[in-house]
There are 2 protein chains.
Amino acid sequence: MTMPAAERLGLEIKRAEQELMSAKQAALREAGLTVGQYAALFALAEQPGISGAALARACLVTPQNMAAVLKVLEGRGLVERAAHSLHQHVLETRLTPQGTRLLGLADRRAVEIERRLAAAFTAQEAAQLRDLLNRASAAIRGEPPQAG
Amino acid sequence: MTMPAAERLGLEIKRAEQELMSAKQAALREAGLTVGQYAALFALAEQPGISGAALARACLVTPQNMAAVLKVLEGRGLVERAAHSLHQHVLETRLTPQGTRLLGLADRRAVEIERRLAAAFTAQEAAQLRDLLNRASAAIRGEPPQAG
DNA sequence: TGATGAGAATCAAATTTTTGATAAACGTAC
DNA sequence: GTACGTTTATCAAAAATTTGATTCTCATCA
């Protein structure tokens with residue numbers, strides 16, 4: 001290998017995220033939601049009426065994947081979809097009252113983990129981590145350093 | 001929601017990792033490997049002869065998932081499995097020369113991304129990010145802050 | 001008006017991953 | 001030596017995710 005594993009920041013990020021998702025997955029299971037379903041509901045709470053394609057971008061999954069997720073959520077009565085009034089081919093998706101309720105339940109579980117995470121850092125350290133992760137994202141997307 | 005999305009470090013970590021994996025996935029595709037297959041080969045290069053279960057733990061996936069990955073890799077002649085000399089029920093897995101070669105090819109692609117990442121930080125910042133991520137992992141696993 | 005292109009949705013198939021359950025091999029304690 | 005617990009491997013089924021391709025709607029422009 002041309003680069004030692006210990007130097008690879010990407011592996012560190014991946015490992016931390018996998019442990020985090022494993023914990024969230026276990027927490028959300030009690031609410032009957034997968035991480036992907038929870039992410040979709042969460043995004044819908046912030047952006048009601050968003051299209052499936054936009055929702056897919058917000059959750060960083062493929063449109064087909066999001067379509068499958070929405071199909072399950074709709075089947076459970078957690079979301080409802082209706083044609084956009086102006087653009088007929090676009091389906092606006094919104095949380096139902098049940099969806100809002102279940103999201104609230106699941107989110108309490110998720111927030112427990114977020115709090116454990118937040119408790120491990122000072123406000124300054126948390127801001128630092130946020131900044132470093134944002135710069136990592138920018139670097140992955142190909143943006144030159146210090147350009148933002 | 002009881003906690004604003006902007007405050008949630010977990011979401012930041014997840015987003016950064018998803019962008020990172022998306023980039024790695026695209027890079028590894030040219031070598032014909034998924035991220036999971038690459039992770040298994042990578043771990044095998046560092047720990048030859050490891051058991052499937054141990055490999056699963058190293059890659060943070062389920063044993064069944066790793067078994068499926070190894071089945072594909074073995075079918076392609078990238079790894080070979082043989083019974084442990086002392087413990088008959090354990091299968092030791094090792095890279096074949098072909099597996100080593102393909103891993104090298106794939107890893108060059110992966111390292112390109114790691115270098116982009118590394119270039120975004122000073123040595124001190126990289127160490128800081130590593131430290132913060134390790135503490136995040138510890139917090140997720142339930143270890144109290146400052147205990148390590 | 002008509003052609004072109006972009007964004008959105010969806011069908012279909014293959015692959016990956018998870019979940020649940022079962023069986024084999026070994027170490028340890030009784 | 002026998003029972004018990006741990007680790008490993010695997011079978012089987014379900015669910016999630018990816019990939020490729022097609023269709024529909026609308027905006028833009030010639």
Side-chain angles (χ1 to χ4, degrees), chain A residues 14 17-18 21-41 43-44 47 49-76 78-93, chain B residues 14 17-18 21-41 47 49-76 78-93:
Chain A
K14 184 189 177 198
E17 196 265 357
Q18 279 179 300
M21 284 306 110
S22 178
K24 281 208 176 174
Q25 185 180 28
L28 293 173
R29 177 190 296 181
E30 306 167 36
L33 291 176
T34 66
V35 173
Q37 290 162 358
Y38 166 74
L41 293 178
L44 280 171
Q47 305 179 58
I50 194 177
S51 74
L55 197 52
R57 286 192 296 270
C59 296
L60 297 181
V61 301
T62 62
Q64 293 94 326
N65 185 356
M66 183 52 71
V69 169
L70 288 177
K71 191 175 180 182
V72 171
L73 295 179
E74 190 176 21
R76 286 202 215 157
L78 301 175
V79 306
E80 53 190 5
R81 314 189 71 185
H84 190 288
S85 52
L86 297 179
H87 192 143
Q88 200 64 4
H89 195 240
V90 172
L91 289 179
E92 293 182 324
T93 305
Chain B
K14 183 188 177 200
E17 196 266 358
Q18 279 180 300
M21 283 309 109
S22 178
K24 280 207 176 173
Q25 184 181 29
L28 292 173
R29 176 192 294 182
E30 306 168 37
L33 291 176
T34 66
V35 173
Q37 290 162 357
Y38 166 74
L41 293 178
Q47 306 179 57
I50 195 178
S51 75
L55 197 52
R57 286 192 296 270
C59 296
L60 296 181
V61 300
T62 62
Q64 293 93 326
N65 184 355
M66 184 53 71
V69 169
L70 288 177
K71 191 175 178 182
V72 171
L73 295 178
E74 189 176 20
R76 285 202 216 158
L78 301 174
V79 305
E80 54 190 5
R81 314 189 72 184
H84 189 287
S85 52
L86 298 179
H87 193 143
Q88 201 62 8
H89 195 240
V90 172
L91 288 179
E92 293 183 324
T93 305

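Only heavy atoms go into these numbers, but all of them, side chains included; no hydrogens, no water, no symmetry mates.
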- [ ] Report yes if some heavy atom in the side chain of A:L28 is under 4.5 Å from a heavy atom in the side chain of A:T34; otherwise report no.
- [x] no
Strictly under 3.5 Å: I want the nitrogen or oxygen pairs between protein and nucleotides 23-25 of chain D, one per line.
from   : atom 1 : to    : atom 2 : distance (Å)
D:dC24 : O2     : A:H89 : ND1    : 3.2

Open item on the list: Each nucleotide in nucleotides 10-19 of chain D should get exactly one letter: B, S or -. Can you fill that in based on protein heavy atoms under 4.0 Å?
Closed with: BB----SBBB
Open item on the list: side chain to side chain contact (heavy atoms under 4.5 Å, CB included), that's the test. Do B:L55 and B:L70 meet it? Break it down for me.
Closed with: CA-CA 10 Å; B:L55 197 52; B:L70 288 177; 3.9 Å; yes
TODO: To the nearest 0.5 Å, tell me how far B:K14 NZ sits from A:K24 NZ.
DONE: 7.0 Å
Open item on the list: Just the rounded figure in Å: distance from P of C:dT16 to CG of B:L28.
Closed with: 13 Å
Open item on the list: Please determine whether side chain to side chain contact (heavy atoms under 4.5 Å, CB included) holds for the pair B:R29 and B:Q25, giving the CA-CA distance in whole Å, both sets of side-chain angles, and the decisive distance to 0.1 Å.
Closed with: CA-CA 6 Å; B:R29 176 192 294 182; B:Q25 184 181 29; 5.5 Å; no
TODO: Using a 4.5 Å cut-off on heavy atoms from C-beta on, say whether the side chain of B:T93 contacts that of B:E80.
DONE: no
Task: Atom-pair distance (CG on B:L70; P on C:dT15), nearest Å - done: 18 Å
Task: Nearest non-hydrogen partners of A:V72 and A:Q37, listed with the distance - done: CG1-NE2, 3.6 Å
Task: Five-pair end axes of the helix from C:dT1-D:dA30 to C:dC30-D:dG1, angle between them (10°) - done: 20°
Open item on the list: For the CD atom of B:Q18 and the CD atom of A:E17, what is their distance to the nearest 0.5 Å?
Closed with: 6.5 Å
Open item on the list: For D:dT7 and B:R57 - does any side-chain N or O of the residue sit under 4.0 Å from the phosphate oxygens OP1/OP2?
Closed with: no
TODO: State, yes or no, whether a side-chain contact exists between B:L60 and A:M21 at a heavy-atom distance under 4.5 Å.
DONE: no
Open item on the list: Assess the residue pair A:S51 and A:E92 against the criterion (side chain to side chain contact (heavy atoms under 4.5 Å, CB included)); give the C-alpha distance rounded to whole Å, side-chain angles, the decisive distance to 0.1 Å, and a yes or no.
Closed with: CA-CA 5 Å; A:S51 74; A:E92 293 182 324; over 6 Å; no
Task: Chi angles and distances behind the side chain to side chain contact (heavy atoms under 4.5 Å, CB included) call for A:E74, A:R81 - done: CA-CA 8 Å; A:E74 190 176 21; A:R81 314 189 71 185; 3.8 Å; yes
